[in-house]
Amino acid sequence: MLHTSLQGPQDAPVIAFLHAVGISSWMWRDVAAALPDYRILLIDLPGHGQSRDVPWVSLQDSADQAAGAIRQQATGGKVHLVALSLGSYVGLQMVMQHPQLCASALLSGIHPGDMPHKGMMKLMSAVMAPLAPRPFMARRTARMMGANADVDGFVSAAAQTRPAAFRRATNDVVDFNLSKTPPQPETRLAFVAGSREHTLIVDGLDVFNARFPGSVSATAEGLGHGWAGEDPTLFAGFVKAHINGNLPATAQALQNR
(Lines give C-alpha, C1' and ligand atoms only; values in the text may rest on other atoms or scores of the structure.)
Protein backbone atom coordinates (compact mmCIF):
# COMPACT_ATOMS: atom_id res chain seq x y z
CA MET A 1 0.00 0.00 0.00
CA LEU A 2 1.32 3.44 -0.90
CA HIS A 3 2.12 5.88 1.88
CA THR A 4 -0.20 8.88 2.08
CA SER A 5 -0.76 11.90 4.29
CA LEU A 6 -3.94 13.94 4.57
CA GLN A 7 -4.22 17.51 5.83
CA GLY A 8 -6.56 20.47 5.70
CA PRO A 9 -10.23 21.15 6.46
CA GLN A 10 -12.12 17.88 6.79
CA ASP A 11 -15.13 18.87 4.67
CA ALA A 12 -13.17 20.72 1.96
CA PRO A 13 -12.70 19.49 -1.63
CA VAL A 14 -9.78 17.04 -1.86
CA ILE A 15 -6.73 17.63 -4.05
CA ALA A 16 -4.49 14.58 -4.58
CA PHE A 17 -0.87 15.28 -5.53
CA LEU A 18 1.55 13.04 -7.47
CA HIS A 19 5.24 13.93 -7.43
CA ALA A 20 8.23 13.86 -9.81
CA VAL A 21 10.80 11.07 -10.13
CA GLY A 22 13.61 10.89 -7.58
CA ILE A 23 11.78 12.88 -4.91
CA SER A 24 8.64 12.32 -2.82
CA SER A 25 5.41 14.06 -1.92
CA TRP A 26 7.61 16.37 0.18
CA MET A 27 8.04 18.46 -2.99
CA TRP A 28 4.42 19.70 -2.67
CA ARG A 29 4.90 21.23 0.77
CA ASP A 30 4.88 24.88 -0.33
CA VAL A 31 2.14 24.44 -2.93
CA ALA A 32 -0.06 22.74 -0.32
CA ALA A 33 0.56 25.61 2.11
CA ALA A 34 -0.81 28.01 -0.53
CA LEU A 35 -4.07 26.03 -0.73
CA PRO A 36 -5.45 26.30 2.83
CA ASP A 37 -9.09 25.97 1.76
CA TYR A 38 -8.61 22.45 0.35
CA ARG A 39 -8.01 19.05 1.87
CA ILE A 40 -4.60 17.91 0.64
CA LEU A 41 -3.80 14.26 -0.06
CA LEU A 42 -0.10 13.62 -0.61
CA ILE A 43 0.93 10.29 -2.13
CA ASP A 44 4.41 8.74 -2.31
CA LEU A 45 4.69 6.73 -5.53
CA PRO A 46 6.25 3.23 -5.58
CA GLY A 47 9.96 3.21 -4.79
CA HIS A 48 9.87 6.81 -3.53
CA GLY A 49 9.62 8.46 -0.12
CA GLN A 50 7.89 6.34 2.48
CA SER A 51 6.64 4.04 -0.29
CA ARG A 52 10.26 3.12 -1.07
CA ASP A 53 9.69 -0.56 -0.27
CA VAL A 54 6.84 -0.81 -2.78
CA PRO A 55 8.41 -1.95 -6.08
CA TRP A 56 7.95 0.14 -9.20
CA VAL A 57 6.32 -2.11 -11.81
CA SER A 58 4.89 0.19 -14.50
CA LEU A 59 2.95 3.40 -15.05
CA GLN A 60 -0.23 1.33 -15.20
CA ASP A 61 0.47 -0.43 -11.91
CA SER A 62 1.42 2.83 -10.18
CA ALA A 63 -1.81 4.39 -11.49
CA ASP A 64 -3.84 1.55 -9.98
CA GLN A 65 -2.03 1.85 -6.66
CA ALA A 66 -2.48 5.63 -6.56
CA ALA A 67 -6.18 5.19 -7.33
CA GLY A 68 -6.46 2.70 -4.47
CA ALA A 69 -4.80 5.14 -2.09
CA ILE A 70 -7.18 7.91 -3.15
CA ARG A 71 -10.25 5.71 -2.68
CA GLN A 72 -9.08 4.69 0.78
CA GLN A 73 -8.35 8.22 1.98
CA ALA A 74 -10.88 10.37 0.11
CA THR A 75 -14.32 8.89 0.62
CA GLY A 76 -16.40 11.99 -0.07
CA GLY A 77 -16.68 11.79 -3.85
CA LYS A 78 -14.47 12.77 -6.75
CA VAL A 79 -11.12 14.44 -6.09
CA HIS A 80 -9.02 16.94 -8.02
CA LEU A 81 -5.66 15.63 -9.22
CA VAL A 82 -2.46 17.66 -9.51
CA ALA A 83 0.78 16.18 -10.82
CA LEU A 84 4.19 17.09 -12.16
CA SER A 85 6.67 15.22 -14.35
CA LEU A 86 6.56 11.47 -13.52
CA GLY A 87 3.39 12.11 -11.51
CA SER A 88 1.70 13.47 -14.63
CA TYR A 89 2.31 10.27 -16.59
CA VAL A 90 0.93 8.24 -13.69
CA GLY A 91 -1.94 10.70 -13.32
CA LEU A 92 -2.93 10.57 -16.99
CA GLN A 93 -2.85 6.80 -16.86
CA MET A 94 -4.97 6.89 -13.71
CA VAL A 95 -7.78 8.97 -15.21
CA MET A 96 -7.83 6.53 -18.15
CA GLN A 97 -8.03 3.44 -15.94
CA HIS A 98 -10.29 4.97 -13.28
CA PRO A 99 -12.44 7.54 -15.12
CA GLN A 100 -14.88 8.09 -12.24
CA LEU A 101 -12.20 9.01 -9.70
CA CYS A 102 -11.23 12.61 -10.54
CA ALA A 103 -13.36 15.64 -11.28
CA SER A 104 -10.35 17.46 -12.71
CA ALA A 105 -6.66 16.86 -13.35
CA LEU A 106 -3.89 19.40 -13.85
CA LEU A 107 -0.85 17.70 -15.37
CA SER A 108 2.43 19.59 -15.70
CA GLY A 109 5.64 18.68 -17.51
CA ILE A 110 4.42 15.79 -19.65
CA HIS A 111 5.40 15.04 -23.26
CA PRO A 112 3.11 13.32 -25.80
CA GLY A 113 5.63 10.76 -27.08
CA ASP A 114 8.26 10.28 -29.77
CA MET A 115 11.10 11.15 -27.41
CA PRO A 116 14.32 11.27 -29.47
CA HIS A 117 17.38 9.16 -28.71
CA LYS A 118 15.52 6.68 -26.51
CA GLY A 119 18.44 4.30 -26.27
CA MET A 120 20.74 7.05 -25.05
CA MET A 121 18.12 8.27 -22.57
CA LYS A 122 17.78 4.79 -21.08
CA LEU A 123 21.56 4.46 -20.82
CA MET A 124 21.68 7.77 -18.97
CA SER A 125 18.90 6.54 -16.70
CA ALA A 126 20.91 3.44 -15.81
CA VAL A 127 23.96 5.57 -15.01
CA MET A 128 21.99 8.17 -13.05
CA ALA A 129 19.84 5.77 -11.01
CA PRO A 130 22.39 4.90 -8.30
CA LEU A 131 23.56 8.52 -8.15
CA ALA A 132 20.17 10.27 -7.97
CA PRO A 133 19.56 9.65 -4.23
CA ARG A 134 23.06 10.79 -3.24
CA PRO A 135 23.42 14.26 -1.70
CA PHE A 136 25.64 15.82 -4.40
CA MET A 137 23.26 14.79 -7.19
CA ALA A 138 20.14 15.61 -5.19
CA ARG A 139 21.45 19.13 -4.58
CA ARG A 140 21.90 19.58 -8.30
CA THR A 141 18.39 18.29 -8.94
CA ALA A 142 17.01 20.57 -6.22
CA ARG A 143 18.40 23.61 -8.00
CA MET A 144 16.94 22.40 -11.30
CA MET A 145 13.54 21.87 -9.65
CA GLY A 146 13.57 25.30 -8.03
CA ALA A 147 13.85 24.02 -4.46
CA ASN A 148 16.50 26.57 -3.52
CA ALA A 149 14.73 27.59 -0.31
CA ASP A 150 15.18 24.16 1.29
CA VAL A 151 17.86 22.19 -0.50
CA ASP A 152 18.55 20.09 2.58
CA GLY A 153 14.90 19.05 2.73
CA PHE A 154 15.02 18.08 -0.92
CA VAL A 155 18.19 16.05 -0.37
CA SER A 156 16.63 14.22 2.57
CA ALA A 157 13.51 13.36 0.57
CA ALA A 158 15.48 12.29 -2.50
CA ALA A 159 17.66 9.96 -0.41
CA GLN A 160 14.65 7.67 0.10
CA THR A 161 14.35 6.86 -3.61
CA ARG A 162 15.16 3.30 -4.67
CA PRO A 163 17.61 3.36 -7.63
CA ALA A 164 15.67 0.56 -9.34
CA ALA A 165 12.47 2.61 -9.13
CA PHE A 166 14.24 5.66 -10.53
CA ARG A 167 15.53 3.68 -13.51
CA ARG A 168 12.31 1.82 -14.28
CA ALA A 169 10.09 4.89 -13.88
CA THR A 170 12.38 6.99 -16.07
CA ASN A 171 12.38 4.31 -18.75
CA ASP A 172 8.58 4.20 -18.66
CA VAL A 173 8.51 7.96 -19.27
CA VAL A 174 10.96 7.60 -22.16
CA ASP A 175 8.69 4.98 -23.75
CA PHE A 176 5.45 6.91 -23.15
CA ASN A 177 3.35 7.44 -26.27
CA LEU A 178 0.08 9.37 -26.17
CA SER A 179 -1.20 7.61 -29.29
CA LYS A 180 -1.58 4.42 -27.24
CA THR A 181 -4.00 6.04 -24.80
CA PRO A 182 -7.74 6.27 -25.53
CA PRO A 183 -9.61 9.59 -25.43
CA GLN A 184 -10.83 10.33 -21.91
CA PRO A 185 -13.88 12.62 -21.73
CA GLU A 186 -14.93 12.19 -18.09
CA THR A 187 -12.22 14.20 -16.30
CA ARG A 188 -11.64 17.91 -16.98
CA LEU A 189 -8.00 17.95 -18.09
CA ALA A 190 -5.43 20.75 -18.06
CA PHE A 191 -1.94 20.37 -19.49
CA VAL A 192 0.54 22.98 -18.28
CA ALA A 193 4.25 23.70 -18.61
CA GLY A 194 6.93 26.19 -17.74
CA SER A 195 7.90 28.17 -20.83
CA ARG A 196 11.56 27.19 -20.34
CA GLU A 197 10.85 23.45 -20.44
CA HIS A 198 12.06 21.18 -23.24
CA THR A 199 10.33 22.00 -26.52
CA LEU A 200 8.93 18.45 -26.62
CA ILE A 201 6.83 19.36 -23.57
CA VAL A 202 5.92 22.94 -24.51
CA ASP A 203 5.04 22.09 -28.12
CA GLY A 204 3.22 19.00 -26.86
CA LEU A 205 0.52 21.12 -25.21
CA ASP A 206 -1.27 21.48 -28.55
CA VAL A 207 -0.97 17.73 -29.15
CA PHE A 208 -2.68 16.96 -25.86
CA ASN A 209 -5.44 19.49 -26.54
CA ALA A 210 -6.08 17.89 -29.93
CA ARG A 211 -6.14 14.41 -28.40
CA PHE A 212 -8.53 15.37 -25.61
CA PRO A 213 -11.27 17.72 -26.88
CA GLY A 214 -12.37 20.07 -24.15
CA SER A 215 -9.02 20.05 -22.36
CA VAL A 216 -7.15 23.30 -21.74
CA SER A 217 -3.47 24.26 -21.59
CA ALA A 218 -1.38 27.02 -20.06
CA THR A 219 2.24 28.11 -19.67
CA ALA A 220 4.14 29.78 -16.86
CA GLU A 221 6.44 32.30 -18.51
CA GLY A 222 10.10 32.28 -17.55
CA LEU A 223 9.84 29.13 -15.44
CA GLY A 224 11.21 25.63 -15.97
CA HIS A 225 10.22 22.01 -15.49
CA GLY A 226 10.17 22.32 -11.70
CA TRP A 227 8.12 25.51 -11.61
CA ALA A 228 6.02 24.21 -8.72
CA GLY A 229 9.18 24.72 -6.65
CA GLU A 230 10.26 27.91 -8.36
CA ASP A 231 6.93 29.69 -7.72
CA PRO A 232 4.61 27.58 -5.55
CA THR A 233 2.14 30.42 -5.08
CA LEU A 234 1.72 30.81 -8.83
CA PHE A 235 1.38 27.05 -9.25
CA ALA A 236 -1.31 27.00 -6.56
CA GLY A 237 -3.08 29.81 -8.43
CA PHE A 238 -3.18 27.67 -11.57
CA VAL A 239 -4.56 24.76 -9.53
CA LYS A 240 -7.37 26.85 -8.05
CA ALA A 241 -8.21 28.36 -11.44
CA HIS A 242 -8.50 24.94 -13.07
CA ILE A 243 -10.62 23.55 -10.23
CA ASN A 244 -12.94 26.52 -10.68
CA GLY A 245 -13.08 25.98 -14.45
CA ASN A 246 -11.33 29.17 -15.55
CA LEU A 247 -7.67 28.34 -16.15
CA PRO A 248 -5.97 31.19 -18.07
CA ALA A 249 -3.57 30.59 -20.94
CA THR A 250 -0.63 32.28 -19.21
CA ALA A 251 0.62 33.18 -15.77
CA GLN A 252 0.40 36.86 -16.68
CA ALA A 253 -3.32 36.53 -17.36
CA LEU A 254 -3.77 34.85 -13.98
CA GLN A 255 -1.85 37.60 -12.17
CA ASN A 256 -3.78 40.36 -13.94
CA ARG A 257 -7.15 39.19 -12.59
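Everything numeric in this text was worked out from a predicted model, so none of it was measured.
- Side-chain atoms of S125 do not come within 3.5 Å of backbone N or O of M121 as any donor-acceptor pair.
- In this structure, the ring of H111 has its center no less than 6.0 angstrom from the ring center of F191.
- With hydrogens and angles ignored, the 3.5 Å screen pairs no side-chain donor or acceptor of R167 with any backbone N or O of M128.
- Comment: E186 does not engage K78 in a salt bridge, judged by the lack of any side-chain N to carboxylate O separation of less than 4.0 angstrom.
- Side chain of N177 to main chain of S179: a donor-acceptor pair is present (N/O by atom type, distance under 3.5 Å, no hydrogens or angles).
- Judged purely by distance below 3.5 Å, without hydrogens or angles, the side chains of D64 and H98 pair a donor atom with an acceptor atom.
- Side-chain atoms of S51 never come within 3.5 Å of backbone atoms of G47 as a donor-acceptor pair (strictly under, hydrogens ignored).
- T187 contributes a side-chain N or O that, together with a main-chain N or O of C102, makes up a donor-acceptor pair within less than 3.5 Å.
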Verify side-chain hydrogen bond (donor to acceptor under 3.5 Å, both in side chains) between Q50 and Q160, making sure each step is shown before the conclusion. CA-CA 7 Å; Q50 294 187 61; Q160 297 175 294; 5.8 Å; no
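- For the pair S88 (side chain) and S108 (backbone), a donor-acceptor distance under 3.5 Å is present.
- Heavy atoms from other residues, nucleotides or ligands lying under 6.0 Å from CZ of R71 number more than 12.
- Note on R39 versus D11: no salt bridge recorded, every NZ/NE/NH1/NH2 to OD/OE distance being 4.0 Å or above.
- Proximity of W227 to V192: side-chain heavy atoms (C-beta onward) are separated by under 4.5 Å at one or more points.
- For R168 (side chain) and P55 (main-chain N/O), no donor-acceptor pair under 3.5 Å exists by modelled atom type.
- Here the closest non-hydrogen pair linking V79 and A16 is CG2-CB, 4.5 Å.
- The main-chain N or O of A158 is found under 3.5 Å from a side-chain atom of T161 such that the two form a donor-acceptor pair.
- The ring of H48 has its center closer than 6.0 angstrom to the ring center of H19.
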